[in-house]
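Presented below is the structure to which this report refers.
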Amino acid sequence: MRTATLGPVERVEALAAMAARELDVLVVGAGVVGAGTALDAATRGLRTGLVEARDWASGTSSRSSKLIHGGLRYLEMLDFALVREALKERGLLLERLAPHLVKPVPFLYPLQHKGWERLYAGSGVALYDAMSVSSGHGRGLPVHRHLSRKRALRVAPALRKDALVGALQYYDAQMDDARFVTELVRTAASYGAHVANRAQVVGFLREGERVVGALVRDTEGGREYEIRAKQVVNATGVWTDDTQGLIGERGQFHVRASKGIHLVVPKDRIHSSTGLILRTEKSVLFVIPWGRHWIIGTTDTDWDLDKAHPAASSADIDYLLEHVNAVLHTPLTRDDVEGVYAGLRPLLAGESDATSKLSREHTVAHPAPGLVVVAGGKYTTYRVMAKDAVDEAVHGLDQRVAACVTEDTPLVGAEGYRALWNARARIADRTGLHVARVEHLLNRYGSMTEQILELILADPVLGEPLPAADDYLRAEIVYAASHEGARHLDDVLTRRTRISIETFDRGVRSARLCAELMAPVLGWDQERIDQEVEHYEKRVEAERESQRQPDDLTADAARLGAPDIVPG
């Protein structure tokens, strides 16, 4: 497999190639489902294109809880099929498809009632483990264990003694969601898919009732391309209804947006060696280990305002702090919060007005000849959604098409990862990097780490960490622009890295250096560097202002005070 480079030249070439010859499948939207659909189609031998209006995973798929999980609470809803499917996918990702990106993570579930609760919750967790093993891909995770209050406080000293009578500990998995999508896109491109971000669908091409392609605008240069395709797949998540509107119909189902916000706090603010899962009156709350930080989330509220930039209000932040502080010995304050991010879940409407009750199942439909729509679902089951979408598209192709092979198709960086991990001390000796740096790179790039090391070999300065965000090396910023399709400073600080939520300054102090590192790759002059930095600073200030507002309406208005650097 040739590993695809997604630099500025390759992007222009991809748009030209898509316009030059009819595709079998054009996928609209490069979140996790769209990227997965492009990979599925390309690995079946189909001539495939993927276009994204903004950046890879710039919507929901970079703003999740960053968990790959079966959905323990869906067992309580008796949704066994969804849990079984998700647990199989979790095992595939951990063991075969992306072991460099997807890692086990322990969670502690505090028990608050003696007797019945341990039996009830313990039965659920035992069933969860059993379903994982029965999937054939769950043997890599430790099984759950029952803990007394004393033992639970030993692994999570941050908990108040009166907050639990005992606990259960079980395992799930986590990943960096935006990085995962970037690797999905690169894998699809490696198998021949033409991919382009900042390429917005502004209309569909029609022949009678049939959809035969899309009119795509390069939002960077302004040029429009007619891209013809035998089948178009709409995988635009919470924008599904808007995209359907471009052909004058809403489609066969309605997608509603549910807002979930997360807080990021430093690791030392919560003394624990395990994540936490806590019950709330509406749902569950996670406290998730995240490198030198914790992620706390999430909320679940209806959202019908701006979809591109969902805003976290002061009320949202207070809600999370109030609920997590109910069990913590030392309460968290606003001053402990490094980062805040908000995302929208695409939910299939129909069963209930309460967003927490709307369906997490996915649906695939063929609302018009030549157009397939896929919506709903969970991040964990993206591969199943992609398979179903391509299966539906294949029905409209006048040719024999191979079956799905993504169950056996590792993402770029997976092949050779374990061997390199075993050799990490030797790599550190060879490169002069600390072994912790090598581990950081391997867990972000897998075997593609060698490409980062080549950049450092050519320019040793790139081996230095960013002064204001020292988890990341300068080489990673250059690599994001040269190999991973980053077009703007925001792409790098928010998605290729997580500097925007992992530092108290939200990445402002790193902005200029990062822009200067990107400039030679993207051909920026000093004026453009200044523009990128100014835009990022305004974005951060607008987000901070929105988080001071009392409700969704005022928070949304404040967030929209900073316009996009590329108008959509």
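Bear in mind that the values here come from a model prediction, so they are computed numbers and not experimental data. Residues take their numbers from the sequence shown, with the count starting at 1.
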- Item | Gap separating the CG atom of L101 from the CZ atom of R179, nearest 0.5 angstrom | 7.5 Å
- For Y536 and H488, run ring pair (Phe, Tyr, Trp, His ring centres under 6.0 Å): C-alpha distance rounded to whole Å, both residues' side-chain angles, the deciding distance at 0.1 Å, then the answer. CA-CA 9 Å; Y536 185 77; H488 296 281; over 10 Å; no
- Parallel, tilted or perpendicular: rings of Y417 and W421 (30°, 60°): tilted
- Task: Look only at the side chain of T380 and the backbone of H69, and say whether a donor-acceptor pair between them is shorter than 3.5 Å.
- Result: yes
Heavy-atom distance under 4.5 Å between the side chains of [X] and [Y], does that happen here?
{"X": "L473", "Y": "R437", "answer": "yes"}
{"X": "Q244", "Y": "N234", "answer": "yes"}
{"X": "L23", "Y": "H194", "answer": "yes"}

Show me the donor-acceptor pairs, under 3.5 Å and distance only, between side chains in residues 30-40 and residues at least two apart or in other chains.
from: T37; atom 1: OG1; to: V33; atom 2: O; distance (Å): 2.7
from: D40; atom 1: OD1; to: R44; atom 2: NE; distance (Å): 2.6
from: D40; atom 1: OD1; to: R44; atom 2: NH2; distance (Å): 3.1

- Can you tell which of D304, D302, D306, D552 makes a salt bridge (Lys or Arg N to Asp or Glu O under 4.0 Å) with K259? D552
- Do K66's NZ or CZ and the ring of Y341 fall within the cation-pi criteria of under 6.0 Å and 45°? yes
- Item | Of all pairs that satisfy side-chain hydrogen bond (donor to acceptor under 3.5 Å, both in side chains), the ones with a partner from residues 458-470, not counting sequence neighbours | R292-D470
- Message: Can you tell me if R223 has over 12 outside heavy atoms packed within less than 6.0 Å of its CZ?
- Response: no
